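For reference, the structure is listed below as structure tokens.
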Amino acid sequence: MNVSQTMETEEDLLSCLQIKFYHPQQSCRALYGLLPLGSRSRLSADDPLRFGRDAQSCTFSLVDPRVSRKQLALFAYRTPHSPDMLFTIQNLSQRGRLSVNGQALGYLERTDLPDKALVRFGEYEMLIIRESGEAKASFEVEFEVLAVPPSREICMYEPSVTPVMDTGSRVMNRFPVHLRATGPLETDETLMCHS
């Protein structure tokens, strides 16, 4: 295999982060004017991927005075047991709150980024989807703007830690006896979502 074939093979195996943004005022403000929307950008796995309003210190910046100078960072890493490139997310904002799938991260706290994550800060929602890849030196990022908030489209709820009996859920015991006799209550899955 010659060098050009090796490079093509590695390009085919690049991990890609699809990052989809939503902000309620995005239609009347140019919040994403500095993002390369609709195209893939190749980045080095050695450098963190930083987001914020400071174009000098961030890899990608948002045109919004309410975003912190450095809002968040994504770090690529690998483990000995997996060929995939994985990512962690870190809150870089001292003032701003950041949550990943509903879990709050304090200033400089990090957490592993799952294959699909809903990240929130300020009024922003970012849906980050990781496409697997085995390349070691680089990865790609692709940006998109969503018309509706991803929290409406994706139900990311906490599963119940209490076992559910065959006769219904644990809340059945709080109902009067004449209602319990009718059997388990059905729930609408959309009611289990929280924003």
Side-chain angles (χ1 to χ4, degrees), residues 7 9-23 26 29-146 149-151 154 156:
M7 289 177 69
T9 303
E10 178 148 327
E11 284 180 17
D12 292 341
L13 298 175
L14 286 178
S15 293
C16 181
L17 291 178
Q18 293 179 1
I19 302 178
K20 303 175 183 197
F21 280 95
Y22 174 80
H23 189 281
Q26 65 193 19
R29 300 170 73 186
L31 303 173
Y32 312 116
L34 300 177
L35 295 179
L37 297 173
S39 64
R40 288 190 176 203
S41 301
R42 188 173 181 167
L43 303 166
S44 170
D46 294 335
D47 300 322
L49 178 62
R50 289 189 187 95
F51 291 89
R53 75 169 188 271
D54 185 358
Q56 298 298 319
S57 61
C58 294
T59 316
F60 297 105
S61 52
L62 298 167
V63 186
D64 189 342
R66 288 180 274 168
V67 171
S68 294
R69 236 176 25 84
K70 294 179 188 172
Q71 187 72 47
L72 64 95
L74 302 173
F75 296 87
Y77 73 97
R78 295 173 54 87
T79 64
H81 308 291
S82 172
D84 288 345
M85 185 173 291
L86 304 171
F87 296 87
T88 61
I89 185 168
Q90 181 179 35
N91 183 3
L92 298 178
S93 175
Q94 293 183 30
R95 295 178 298 121
R97 295 184 53 169
L98 179 78
S99 70
V100 180
N101 290 344
Q103 176 188 10
L105 284 182
Y107 176 58
L108 295 182
E109 289 182 344
R110 285 187 193 195
T111 191
D112 286 333
L113 202 61
D115 291 343
K116 189 175 205 178
L118 179 62
V119 176
R120 293 179 170 176
F121 58 93
E123 292 184 273
Y124 288 88
E125 291 187 16
M126 290 172 62
L127 179 62
I128 303 175
I129 301 170
R130 182 182 66 89
E131 293 177 0
S132 293
E134 297 179 8
K136 296 178 182 176
S138 59
F139 64 95
E140 292 179 322
V141 178
E142 183 176 23
F143 295 104
E144 182 181 336
V145 176
L146 298 174
S151 59
I154 297 172
M156 294 198 174

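Scope of the values below: all heavy atoms of this structure, side chains included, with no hydrogens, waters or symmetry mates. Worth saying up front: this structure is predicted, and the values here are computed from it rather than measured.
The two residues Asn101 and Lys116 have their closest heavy-atom pair at ND2-O, 3.6 Å. Taking every heavy atom of both residues into account, Val100 and Ala117 meet most closely at CG1-CB, 4.2 Å. Nearest heavy-atom pair, Arg53 versus Pro65, reported as atom, atom and distance to 0.1 Å: NH1-O, 3.9 Å. Here the closest heavy-atom approach between residue Ser61 and residue Leu35 is recorded as O-CD2, 4.1 Å. Pairing each heavy atom of Asn91 with each of Gly106, the nearest pair is CB-O, 3.4 Å. Here the closest non-hydrogen pair linking Pro48 and Phe75 is CB-CE2, 3.3 Å.
Side-chain contact between Leu31 and Gln26: present, with at least one pair of heavy atoms (C-beta onward) separated by less than 4.5 Å. Ser57 places none of its side-chain heavy atoms less than 4.5 Å from the side chain of Arg50. For the pair Glu125/Leu146, no side-chain contact is recorded, criterion being any heavy-atom separation below 4.5 Å from C-beta on. Counting heavy atoms from C-beta outward, Leu108 and Leu92 have side chains that approach closer than 4.5 Å. Using a 4.5 Å cut-off on side-chain heavy atoms (C-beta onward), Gln18 and Glu144 make no contact. The closest side-chain heavy-atom distance from Leu105 to Arg110 is not below 4.5 Å. No side-chain heavy atom of Arg40 sits under 4.5 Å from any side-chain heavy atom of Leu14. Side-chain contact between Leu43 and Phe60 is present, with at least one heavy-atom pair separated by less than 4.5 Å.
How far OG1 of Thr59 is from CZ of Phe51: 7.0 Å, rounded to the nearest 0.5 Å. Here the CD1 atom belonging to Ile89 is positioned 9.0 Å from the OG atom belonging to Ser99, to the nearest 0.5 angstrom. Between Met85 atom CE and Glu131 atom CD the span is 13.5 Å, to the nearest 0.5 Å. Atom CG in Leu72 sits 9.5 Å away from atom OG in Ser93 (nearest 0.5 Å). With values rounded to the nearest 0.5 angstrom, Glu142 atom CD is found 10.0 Å from Ile19 atom CD1. The distance from the CG atom of Leu62 to the CZ atom of Phe121 is 5.5 Å, given to the nearest 0.5 Å.
The number of heavy atoms from other shown groups lying within 6.0 Å of CZ (Arg97) does not exceed 12.
Proximity of a side-chain donor or acceptor of Arg78 to a complementary backbone N or O of Pro83 within less than 3.5 Å is detected.
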Pair Glu109-Leu98, side chain to side chain contact (heavy atoms under 4.5 Å, CB included): steps then yes or no: CA-CA 10 Å; Glu109 289 182 344; Leu98 179 78; over 6 Å; no
Verdict with reasoning, Tyr77 to Asp112, per side chain to side chain contact (heavy atoms under 4.5 Å, CB included): CA-CA 10 Å; Tyr77 73 97; Asp112 286 333; 3.0 Å; yes
Ring pair (Phe, Tyr, Trp, His ring centres under 6.0 Å) evaluation trace for Tyr32 with Phe143: CA-CA 10 Å; Tyr32 312 116; Phe143 295 104; 9.3 Å; no
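Both tests do not hold together for Arg130 against Phe87: distance to the six-membered ring centre under 6.0 Å, angle to the ring axis within 45°.
Under the 4.0 Å criterion applied to side-chain N and carboxylate O atoms, Glu123 and Arg29 are not assigned as salt-bridge partners.
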